[in-house]
Amino acid sequence: MFAGGKVRLFHFLFEMLEDPTMAHCVSWVPAAAGVFRFSSTNKDQVAALWGQRKGNKRPMTYQKMSRALRNYARSGEIFKVKKKLTYQFSRETLMSLHKFQQGDLLRGRDFV
DNA sequence: ATGCAAGGGAAGTTAG
DNA sequence: TCTAACTTCCCTTGCA
């Protein structure tokens with residue numbers, strides 16, 4: 001998913017959330033659309049995978065990844081919810097992620 | 001108090 | 001060269 005092109009952090013997070021084997025690190029919070037929460041014990045595993053995906057020199061950590069997440073609040077992709085380790089995709093972001101997931105990749109189109 | 005989690009300014013990196 | 005999208009650093013604030 002999201003191959004061929006620069007992967008954005010929110011793409012990666014969505015990908016992790018759609019993967020059941022990653023549930024011990026991040027998972028959707030049932031009862032609220034687009035809300036997800038990191039595991040307090042495994043949050044750095046997701047971060048490390050993100051850092052590897054990007055090919056960063058230094059290992060990625062939750063602290064550094066969350067800094068990027070806070071910038072998303074300013075650009076409107078993801079917002080922080082008042083609960084511990086939980087965030088929420090904006091409706092627009094969630095919509096485009098789902099739309100992309102529903103076949104655009106298979107038709108060879110880039111994520112927009 | 002004490003340990004996380006959150007917030008954020010600011011310089012640095014990298015791809016396009 | 002310039003910008004976007006982080007990345008790295010590191011210090012302050014908030015909360016249980």
Side-chain angles (χ1 to χ4, degrees):
Chain A
M1 197 183 291
F2 305 127
K6 355 90 214 74
V7 180
R8 293 251 254 141
L9 175 55
F10 67 87
H11 300 157
F12 172 80
L13 256 19
F14 183 75
E15 192 179 322
M16 294 299 102
L17 286 160
E18 292 298 293
D19 182 351
T21 71
M22 285 289 115
H24 63 294
C25 296
V26 244
S27 54
W28 294 112
V29 172
V35 178
F36 60 99
R37 182 159 50 209
F38 291 95
S39 152
S40 60
T41 55
N42 303 316
K43 58 188 189 303
D44 284 310
Q45 286 181 37
V46 209
L49 284 175
W50 168 235
Q52 286 168 36
R53 179 72 67 91
K54 284 291 292 294
N56 294 334
K57 292 186 163 105
R58 312 264 316 119
M60 181 50 66
T61 62
Y62 176 78
Q63 182 175 218
K64 291 188 288 179
M65 186 177 69
S66 63
R67 183 70 189 82
L69 253 21
R70 287 195 291 279
N71 284 159
Y72 275 158
R74 299 188 61 190
S75 46
E77 279 108 357
I78 292 175
F79 298 103
K80 185 71 181 74
V81 336
K82 305 105 322 224
K83 282 165 50 183
K84 185 181 179 183
L85 301 172
T86 113
Y87 298 78
Q88 177 168 29
F89 285 99
S90 69
R91 197 179 47 184
E92 298 70 36
T93 300
L94 199 57
M95 197 175 292
S96 46
L97 285 167
H98 277 128
K99 182 185 177 188
F100 183 76
Q101 182 184 46
Q102 289 165 15
D104 286 348
L105 175 62
L106 301 176
R107 286 192 270 284
R109 201 182 309 170
D110 266 350
F111 177 87
V112 280

note: A:Lys84, atom NZ; C:dG14, atom P; distance rounded to Å ~ 19 Å
Sugar-phosphate, base or nothing in reach of A:Ser40, heavy atoms under 4.0 Å
sugar-phosphate
Exercise for the section: Hey, can you tell me if A:Phe14 and A:Phe89 have their rings parallel, tilted or perpendicular (30° and 60° cut-offs)? Expected result: perpendicular
Here the distance between atom C1' of C:dT8 and atom CG of A:Asp44, to the nearest Å, is 15 Å
query: Taking only N and O in the side chain of A:Arg58, is any of them less than 4.0 Å away from OP1 or OP2 of C:dT8?
result: no
* Assign A:Lys64 to base, sugar-phosphate, or nothing according to its heavy-atom contacts below 4.0 angstrom with the strands shown. => base
Mind checking A:Phe38 for me? I need base, sugar-phosphate or nothing, with any heavy atom below 4.0 Å counting as a touch.
nothing
Atom CG of A:Leu69 and atom C1' of C:dA5 are separated, to the nearest Å, by 13 Å
Side-chain donor/acceptor of A:Asp44 to backbone N/O of A:Tyr62, under 3.5 Å:
yes
Scoring nucleotides 7-16 of chain B by protein non-hydrogen atoms under 4.0 Å (B base, S sugar-phosphate only, - none) yields BBBB---S--
Answer yes or no: does a side-chain N or O of A:Trp50 lie under 4.0 Å from OP1 or OP2 of C:dC6? no
Rounded to whole Å, CG of A:Leu9 lies from C1' of C:dT7 at a distance of 11 Å
*asked:* Determine whether a donor-acceptor pair (N or O, by modelled atom type, separation under 3.5 Å) exists between the side chain of A:Asp19 and the backbone of A:Thr21.
replied: yes
When rounded to whole Å, the CD1 to P distance for the pair A:Ile78 and C:dA5 reads 13 Å
Compare all side-chain heavy atoms of A:Val26 with those of A:Tyr87 and state whether any distance is below 4.5 angstrom.
no
note: A:Lys54, atom NZ; C:dA5, atom P; distance rounded to Å ~ 11 Å
Which of A:Thr86, A:Ile78, A:Leu85 passes side-chain contact (heavy atoms from CB on, under 4.5 Å) with A:Phe36? Answer is A:Ile78
It should be established whether A:Tyr62 places a side-chain nitrogen or oxygen under 4.0 Å from OP1 or OP2 of nucleotide B:dC4. no
Handout entry: Touch class at under 4.0 angstrom, heavy-atom based, for A:Lys82 against every strand present
Key = nothing
Separation of C:dT7 atom P from A:Arg53 atom CZ, nearest Å, is 12 Å
So the side chain to side chain donor-acceptor pair (under 3.5 Å) pairs with at least one residue in residues 72-82 of chain A (sequence neighbours excluded) are A:Arg8-A:Glu77, A:Ser75-A:Glu77
Atom CZ of A:Phe79 and atom P of B:dA6 are separated, to the nearest Å, by 17 Å
Taking A:Leu94 as the starting point, is it possible to reach A:Met22 by hopping between hydrophobic residues whose side chains are less than 4.5 Å apart? yes
Touch class at under 4.0 angstrom, heavy-atom based, for A:Met65 against every strand present: nothing
